Amino acid sequence: MNKKQKAYAEKINELLKAEYPEVKIALEYSNPFELLIATILSAQCTDARVNIVTKELFKKYKTPKSFIDIEIEELEKDIFSTGFYKQKAKSIKNCCSELMSKYRGEVPADFDKLKELPGVGRKTASVVVGNGFGIPAVAVDTHVKRISNLLGFISSDDAEKIEFRIKELLPPSEWVRFSHLIATHGRNVCFARKPKCNECVLSKLCPSYKKQN
DNA sequence: CTCCCGATAT
DNA sequence: ATATCAGGAG
């Protein structure tokens, strides 16, 4: 009974791969540590905005220690425009402290260890292991959540359930790219507000197609 | 469940 | 004015 669902998911995966052959993560970074910080900043914020902020941020802060040594008020100013800046500043400082005390300032290439860090949940940990270390992972963001329901992979708002559902539908080799494909499609075509169903390569398969327009 | 919270499109 | 943006902590 799951076989049909898997074939359906793989068909969607193939269609999106054909549509976005060069898909990759939208966040800009040059090492796992920068990726971790950028992903923490990306909560409830567009990747485009995060990239504007991190372009300057990473010139100033290059190591976990550099974030610890600065006054929190100054860090808050440096990340202000990403929103939730007080929370994020606190998360980054606490996270960097633990990186220093537990991992000698290195970002662990391990989902469970990452998830234990302050300010790091399943989504952030998945992004870092998946993109920073090439370890298969599914990052469930708002797009993956919305489109998984629209496509009928699952009927749930629980990010963890959606993550496990996608993991059983697709082979591990596809997980990271699939997350990016869905996120990209969500940004370009399948918007939350007014999706462009008439331009969507999935419209013939999508159970939600008729309800729109 | 609520709170954190600015930028942007509609 | 309001919804939405690669969430996580308490």
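The structure displayed is predicted, hence computed values, not measured ones. Lettering of chains follows the sequences in order, A, B, ..., and the numbering in each one begins at 1.
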Is there a side-chain contact between A/Pro172 and A/Lys167 in this structure, where contact means two heavy atoms from C-beta onward sitting under 4.5 Å apart? no

Classify A/Arg49 by what it touches in the nucleic acid, base, sugar-phosphate, or nothing, heavy-atom distance under 4.0 Å. sugar-phosphate

For atom CZ of A/Arg122 and atom C1' of C/dA9, their distance in whole Å: 16 Å

With the side chain of A/Gln44 defined as its heavy atoms from C-beta on, choose the nearest nucleotide among C/dG8, C/dA6, C/dC5. C/dC5

In whole angstrom, give the distance that lies between atom OH of A/Tyr29 and atom C1' of C/dA6. 13 Å

Over 12 foreign heavy atoms within 6.0 Å of NZ, A/Lys65: no

Can you list, by residue number, the residues of residues 62-70 of chain A that have a non-hydrogen atom closer than 4.0 angstrom to DNA chain C? none

Shortest side-chain distance from A/Arg187, nucleotide among C/dG8, C/dT2, C/dA6: C/dA6

For DNA chain B, whose closest nucleotide is more 5', that of A/Arg193 or that of A/Lys86? A/Lys86

Could you state the CG-C1' distance from A/Asn94 to C/dG10, rounded to the nearest angstrom? 14 Å

Expressed in angstrom and rounded to an integer, what is the separation of A/Leu41 atom CG from C/dG8 atom C1'? 13 Å

Roughly how many Å is it from CZ in A/Phe191 to P in C/dA6, rounded to a whole number? 11 Å

Mind checking A/Ser42 for me? I need base, sugar-phosphate or nothing, with any heavy atom below 4.0 Å counting as a touch. sugar-phosphate

Positional range of nucleotides in DNA chain B within the contact set of chain A, heavy-atom, under 4.0 Å: B/dC4 to B/dT10

Expected list for residues 135-148 of chain A near DNA chain C, using heavy atoms below 4.0 Å, is A/Ala139, A/Asp141, A/Thr142, A/His143, A/Arg146

Contact class for A/Leu27 vs. all strands (heavy atom < 4.0 Å): base, sugar-phosphate, or nothing? nothing

Which whole number of Å gives the distance between the P atom of C/dA6 and that of B/dT10? 14 Å

Mutual orientation of the aromatic rings belonging to A/Phe153 and A/Tyr8 [parallel < 30°, tilted 30-60°, perpendicular > 60°]: perpendicular

Classify the nucleic acid contact of A/Lys123 as base, sugar-phosphate or nothing, counting any heavy atom under 4.0 Å across all strands shown. base

Does one side chain, of A/Arg146 or A/His143, offer a donor that lies under 3.5 Å from an acceptor on the other? yes

Under 4.0 angstrom, heavy atoms only, what part of the nucleic acid is A/Thr39 near: base, sugar-phosphate, or nothing? nothing

Would you say CD of A/Glu168 has more than 12 non-hydrogen atoms from neighbouring residues, nucleotides or ligands within 6.0 angstrom? yes

